[in-house]
Amino acid sequence: MFVSSWLRGVARLAMSATQKPRVVFVLGSPGAGKGTQCKNIMKEFGYVHLSAGDLLREERSKPGSEYGELIEQHIRNGTIVPVEITCSLIERAMHKSGGNKFLIDGFPRNKENLEGWTKNMADRVQLEGVLFLDCPEDVSTARCLGRGAKGSGRSDDNPESLKKRFETYVKDTMPIIEHYEKLDLVHRVDSKQSPKHVFQDIKDIFQQFQ
Ligand code: UDP
Ligand code: MG
């Protein structure tokens, strides 16, 4: 009697120790709809949404930020901020949120990001999968330019920065998606459809994660 309840207690403790926070990476071209769809997923499935780009923009805007200038240069150039900065912002935001299911939007974006994540974080979380919002360049560009014209306030929603962001996406981020494809972790959605249609497809995927 006592032994069995003690054993149950031990089993429960072991369970909680092994229940790592769950992570879904959300990747896709600039303007593929990562931010929009992450908000939908957050509402419907109770994930905490952490956008690497938003975390970097927030850090950049902090008065006296040590990395503000460096971050702004990378954002305008469409190049990737050193992983130590991005990964530590993500880690801090995960802790601060107190959540246990995370959508990490727009990360990892290149080989260095992936290596930094693998070294510091991969063992501490359970990667459920990668949501890949697949959108052709013409549609993505039109969306970002539309957003820029409407006053997104982003210093990189202009034709020059967009061209570079796309180059980085094709050259650096696609290989990361291919890496996860080999591990059978990628869930691809055709994201040139309307936001409503895209979310229908996403729901089918996230229902499997529950
Ligand atoms: N960025 C980065 N590392 C990241 C995420 C973003 O360096 O892990 C920088 C990069 O310069 C990128 C910019 O932030 O072009 C904007 O990223 P965001 O994800 O906000 O853009 P999106 O792809 O959603 O349009
Ligand atoms: Mg975004």
Side-chain angles (χ1 to χ4, degrees), residues 23-42 47-61 65 67-94 102-122 130-150 152-177 179-180 189 191-192 195 198 202:
V23 165
V24 177
F25 290 134
V26 183
L27 295 175
S29 58
K34 301 185 290 291
T36 306
Q37 297 301 342
C38 282
K39 287 198 177 63
N40 292 337
I41 301 166
M42 179 177 83
Y47 281 75
V48 175
H49 171 212
L50 299 177
S51 153
D54 287 351
L55 290 169
L56 289 167
R57 282 184 283 274
E58 195 187 311
E59 176 64 28
R60 174 196 62 185
S61 309
S65 163
Y67 304 115
E69 186 89 356
L70 177 80
I71 292 172
E72 176 58 16
Q73 272 171 17
H74 281 289
I75 287 180
R76 260 181 209 277
N77 261 317
T79 48
I80 313 289
V81 173
V83 66
E84 292 74 21
I85 300 175
T86 317
C87 206
S88 71
L89 290 173
I90 293 172
E91 187 182 359
R92 215 185 302 162
M94 284 172 82
F102 298 94
L103 294 172
I104 301 188
D105 155 7
F107 179 93
R109 264 177 140 90
N110 67 0
K111 207 162 164 269
E112 195 217 15
N113 278 184
L114 178 61
E115 283 163 4
W117 174 266
T118 305
K119 192 164 138 230
N120 295 306
M121 297 295 292
V130 177
L131 176 65
F132 170 32
L133 300 184
D134 194 4
C135 191
E137 180 164 353
D138 53 345
V139 177
S140 307
T141 305
R143 287 182 187 165
C144 290
L145 290 178
R147 180 169 83 182
K150 271 193 227 141
S152 66
R154 283 182 52 158
S155 58
D156 59 351
D157 280 343
N158 59 72
E160 300 74 47
S161 295
L162 262 169
K163 194 165 168 286
K164 294 176 190 162
R165 285 161 69 192
F166 247 95
E167 281 167 13
T168 302
Y169 168 68
V170 172
K171 187 166 110 337
D172 298 329
T173 312
M174 276 311 295
I176 304 305
I177 297 170
H179 161 81
Y180 284 119
V189 166
S191 73
K192 66 176 179 300
V198 176
I202 289 178

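Numbering of residues begins at 1 and proceeds along the displayed sequence. Counting starts at 1 for both ligands and their atoms, following the listed order. Reckoned from all heavy atoms, side chains included, excluding hydrogens, waters and symmetry mates. What you are looking at is a predicted structure, and each value in this text was computed from that prediction instead of being measured.
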Quiz item: To which protein heavy atom is atom 2 (C) of ligand 1 closest, and what is the distance rounded to 0.1 Å?
Solution: Leu56 CD1, 3.4 Å

Quiz item: Does ligand 1 have a heavy atom under 4.0 Å from the side chain of Asn113, from its backbone, from both, or from neither?
Solution: side chain

Quiz item: When you measure from the side chain of Asn158 to the backbone N and O of Glu160, does any donor-acceptor pair fall under 3.5 Å?
Solution: yes

Quiz item: What atoms of ligand 1 come within less than 4.0 Å of a heavy atom belonging to Lys34?
Solution: 22 (P), 23 (O), 24 (O)

Quiz item: So how far is it from Glu58 CD to Ser51 OG, rounded to the nearest 0.5 Å?
Solution: 10.0 Å

Exercise. Check each of Arg60, Arg154, Arg165 against atom 16 (C) of ligand 1 and report the one with the nearest heavy atom.
Key: Arg154

Quiz prompt | Atoms in ligand 1 with a heavy atom of Ala52 nearer than 4.0 Å | solution = 4 (C), 5 (C), 8 (O)

Self-check item: Heavy atom of Arg57, distance to ligand 1 below 4.0 Å
Solution: yes

Quiz item: Only one of Lys150, Arg143, Arg165 forms a salt bridge (Lys or Arg N to Asp or Glu O under 4.0 Å) with Asp157, so which one is it?
Solution: Arg165

Quiz item: With the threshold set at 4.0 Å, does a side-chain nitrogen-carboxylate oxygen contact exist between Lys119 and Glu115?
Solution: no

Exercise. Enumerate the atoms of ligand 1 whose separation from the nearest heavy atom of His74 is less than 4.0 angstrom.
Key: 11 (O)

Self-check item: Contact atoms of ligand 1, heavy-atom distance to Pro30 under 4.0 Å
Solution: 23 (O), 25 (O)

Quiz item: If you measure from CD on Glu137 to CG on Leu162, what distance do you get to the nearest 0.5 Å?
Solution: 9.0 Å

Self-check item: Arg147 touching ligand 1 at heavy-atom level, < 4.0 angstrom
Solution: yes

Quiz item: Which ligand 1 atoms are under 4.0 Å away from a heavy-atom of Phe107?
Solution: 8 (O)

Self-check item: Atoms in ligand 1 flagged as close to Gly106, the criterion being non-hydrogen separation under 4.0 Å
Solution: 4 (C), 5 (C), 8 (O)

Self-check item: Parallel, tilted or perpendicular: ring planes of Phe25 versus Tyr180, cut at 30 and 60 degrees
Solution: tilted

Quiz item: Which is it for Ile80 and ligand 1 at heavy atoms under 4.0 Å: side chain, backbone, both or neither?
Solution: both

Quiz item: Could Asp105 and Lys39 be called an ion pair, given the rule that one side-chain N must be under 4.0 Å from one carboxylate O?
Solution: no

Exercise. Taking the side chain as every heavy atom from C-beta outward, state whether Asp172 and Lys111 have any pair of such atoms under 4.5 Å apart.
Key: no

Quiz item: Looking at Val81, which atoms of ligand 1 are within less than 4.0 Å of one of its heavy atoms?
Solution: 2 (C), 7 (O)

Quiz item: Relative to ligand 1, is Thr79 under 4.0 angstrom through side chain, backbone, both or neither, heavy atoms considered?
Solution: backbone

Exercise. Look at atom CZ of Phe166 and say whether more than 12 heavy atoms of other residues, nucleotides or ligands are closer to it than 6.0 Å.
Key: yes

Quiz item: Looking only at protein heavy atoms, which one is nearest to atom 14 (O) of ligand 1, and how far off is it?
Solution: Ile75 CG1, 3.6 Å

Self-check item: Protein contact of atom 6 (C) of ligand 1 - nearest heavy atom, named by residue and atom, plus distance
Solution: Arg109 NH1, 3.5 Å

Quiz item: Is Glu72 salt-bridged to Arg76, cutoff N-O under 4.0 Å?
Solution: yes

